[in-house]
There are 2 protein chains.
Amino acid sequence: MVEVARNREPTLADVARRAGVSVATASRALSVRGPASASARHRVATAARELGYVPNPVARALATRTGTRLAVAVAGQTAHVLNDPYAARVLAATATAAAATRDVGVSLHWLPLHDPAELGRLTENRDIAGVIVVNPTTPALATVPRSARDRVASIGIGTRDVPSFDVDNATATTTMIEHLLATGRRRIAMITGPEWLPCTQRALTAYHRTLAESGTPPRLAPGNFTAAHGESAATTIMTRWPDTDAIFALGDLSALGALAALRGMGVDVPGDVALAGFDDIAYAALSHPSLTTTTNPVEAIAAGATTALLDHHTSTPQTFYPSTLILRDST
Amino acid sequence: MVEVARNREPTLADVARRAGVSVATASRALSVRGPASASARHRVATAARELGYVPNPVARALATRTGTRLAVAVAGQTAHVLNDPYAARVLAATATAAAATRDVGVSLHWLPLHDPAELGRLTENRDIAGVIVVNPTTPALATVPRSARDRVASIGIGTRDVPSFDVDNATATTTMIEHLLATGRRRIAMITGPEWLPCTQRALTAYHRTLAESGTPPRLAPGNFTAAHGESAATTIMTRWPDTDAIFALGDLSALGALAALRGMGVDVPGDVALAGFDDIAYAALSHPSLTTTTNPVEAIAAGATTALLDHHTSTPQTFYPSTLILRDST
DNA sequence: CTCACACGTGGAAGCGCTTCCACCACAAGG
DNA sequence: CCTTGTGGTGGAAGCGCTTCCACGTGTGAG
């Protein structure tokens, strides 16, 4: 009498019984790699379908000693990062990708800059299948034990054995600077992100190279992607180089902060100074003037990192995703 | 010879051995409720600390037949909700709370409006410990089997057996309208959210009551919290009631859209029309003029829902979190 | 001085999977 | 005809925890 009790989800044992094979064979037939005959595969698949069998990820995780969730670890100062829309967006995108690919959850963690070992600890957690680390430093990556390297993917800098996924902001920066040059701007300043970030470094290199080609000297102000820093950076720039005619901020929030500062100083945008941002956040289209910016394909990046992690693609060292220029009124 | 093999995390068996008790007792001593003597409790706790024992959530979940993650289910049209900063913020807050309280992950799901049963299906998933449903409809909540009701918490409307957590937007609306009245505005329009949302209904009731007390007739325009709808709603309002002197939008994005529309029509804010929003998003402080708004304590709400779910607090039917008025230049 | 009844405790049986290992055919080589 | 493989299979032992159950103990009441 093969009857599944009411109120109980079918298990692999039910499937095996119905298919007339052992649990071991059923397990192998359902997994792609295991040795199993074609006929067994077929019968098990049919039985599973008829029963509406759904594998229990918890049992599988326990048996294979892997985790049931992906950790998203964001580097930065906790207080600052807590209301970071970028982190929230990465998390949402990862959660969506993880739920779509496999049935795994996502948890969010902060990586204090002063304690690089926290990342290593996270990778040792028993029930974490993999870690997507956002903007890690090289020392932090170095704390990951060699054996756990295949359970880490980076959005930011990578290493030889940690694949990295990021927006191609070198090209994006070049494109943006060339756009500003094409519209007649010659005294172009840049508000950067934290200098320890590799994406800041890549953008800086592109900025210097593009300016050098057109023979214009650089004007730099440090920032940290927040609106407040954008404001003070714009003030600094206009005080130090009053004839500046364009500002490119590596982050829309900084750009919008700069916009407020410029308005406060009576500087017309784009009349006196052209202004451009990075990320294309929702508000960029709503400001006055609306902000020229370049996209950050976070969803694609997070999906890439997620599948790399879940499929153990160790063969992809670095992937850069293209950004597209969004022209609006501020330039 | 009590020696833990290298390269292996200590398990409960290791702790039990070191404490000189059985695994069963160790388990009971570690759990808060189980029967265990004070001395056993103490010895097990000490052994656990010395060994650096961390319970394996996967094994626990398998044994107790509970899940290892919390699902955050957002009601709405997928395309719209995918880049909804509010959903991302709820997810991030939930993930933070879940990681802090227990060691569980979070996954993100969309609930299409046309298929209320999706929520019921989610609650039946074997490895989901609980579902936090954002802005559910009553029919959707009704699809949750009675036995699973204690595994659901709602941000939005609740039922007798599903606790709900939300911002007290009735009071917030009253406060905002009273603020507008106090600054001399008398022809106050409101841009609402989708009418099927309970929070829209609560705000509407408060709006009508407050206006009725001051003897001013209502002026309503429907919206859906997006900037685009805010723009068209503002246009509609100013066309239909040209003497409007204040607009309150139930969402900052709508308010900012309205601001753009008003600027386009040559209406001065706050000179001709005072403008107020809801949520206090990051950009509200950066617009020109900066936006008067009222906070949405998403982090506290998500933390409340998370702990309610993980601790099976079924005794709290409804909790409303206070919003605070943020006065800026737009009113 | 019994009997009942707590209360703590250890043994052991799961939870639902994966995977090691032994086994059995059967085909191919000597 | 016997050995040596080979691919498919089932039994069973885990993974690390919780919890049922039975079994002593020490206490109070009868």
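The chains referred to below are lettered A, B, ... by the order of the sequence lines, with proteins before strands, and numbering in each begins at 1.
- Listed candidates were D/dC15, D/dG10, D/dT19. Nearest to the side chain of A/L62 is D/dC15.
- In this model, the phosphate group of C/dT18 is approached by a side-chain N or O of A/R60 to a distance below 4.0 Å at OP1 or OP2.
- Using a 3.5 Å distance cut-off with no hydrogens or angles, the side chains of B/T68 and A/T68 do pair a donor with an acceptor.
- For the pair B/A63 and B/V21, both in contact range of DNA chain C, the more 5′-proximal nearest nucleotide belongs to B/V21.
- At a threshold of 4.0 angstrom between heavy atoms, the contacts of B/A24 include nucleobase atoms, whether or not backbone atoms are also involved.
- Remark: B/S22 is in phosphate contact with C/dG10, judged by side-chain N or O atoms under 4.0 Å from OP1 or OP2.
- Rounded to the nearest 0.5 angstrom, A/N135 CG and A/S154 OG are separated by 7.5 Å.
- Within 4.0 Å (heavy atoms only), B/A40 reaches sugar-phosphate atoms of the nucleic acid but no base atom.
- Of the candidates D/dT18, D/dT9, C/dG11, the closest approach to any side-chain atom of B/T64 belongs to D/dT18.
- The distance between atom CZ of A/R65 and atom C1' of C/dT18, rounded to the nearest whole Å, is 8 Å.
- At a cut-off of 3.5 Å, with distance as the only test, a side-chain donor of A/S107 or A/R69 sits close to an acceptor on the other residue.
- Between A/L30 atom CG and C/dT18 atom P the separation is 8 Å, expressed in whole Å.
- Atom pair A/R28:CZ and D/dT9:P shows a separation of 8 Å (rounding to whole Å applied).
- Counting any heavy atom pair closer than 4.0 Å across all strands shown, A/A61 reaches no nucleic acid atom.
- For the pair A/N56 CG and C/dC15 C1', the interatomic distance rounds to 8 Å; values are reported in whole Å.
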Begin with the C-alpha distance, continue with both residues' side-chain angles, and end with the deciding distance and a verdict on side-chain contact (heavy atoms from CB on, under 4.5 Å) for A/L70 and A/I128. CA-CA 6 Å; A/L70 240 41; A/I128 288 182; over 6 Å; no
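- Checking D/dG10, C/dG16, D/dC17 against the side-chain heavy atoms of B/L12 singles out D/dC17 as nearest.
- Checked against C/dG10, D/dT19, C/dT18, the side chain of B/S27 finds its nearest nucleotide in D/dT19.
- Under 4.0 angstrom from either OP1 or OP2 of C/dG8 there lies no side-chain N or O belonging to B/S37.
- Between D/dG10 and A/T25, a contact under 4.0 Å exists linking OP1 or OP2 to a side-chain N or O.
- A donor-acceptor contact shorter than 3.5 Å is absent between the side chain of B/T25 and the backbone of B/V21.
- As rounded to whole Å, 12 Å separates atom P of C/dC17 from atom CZ of A/R17.
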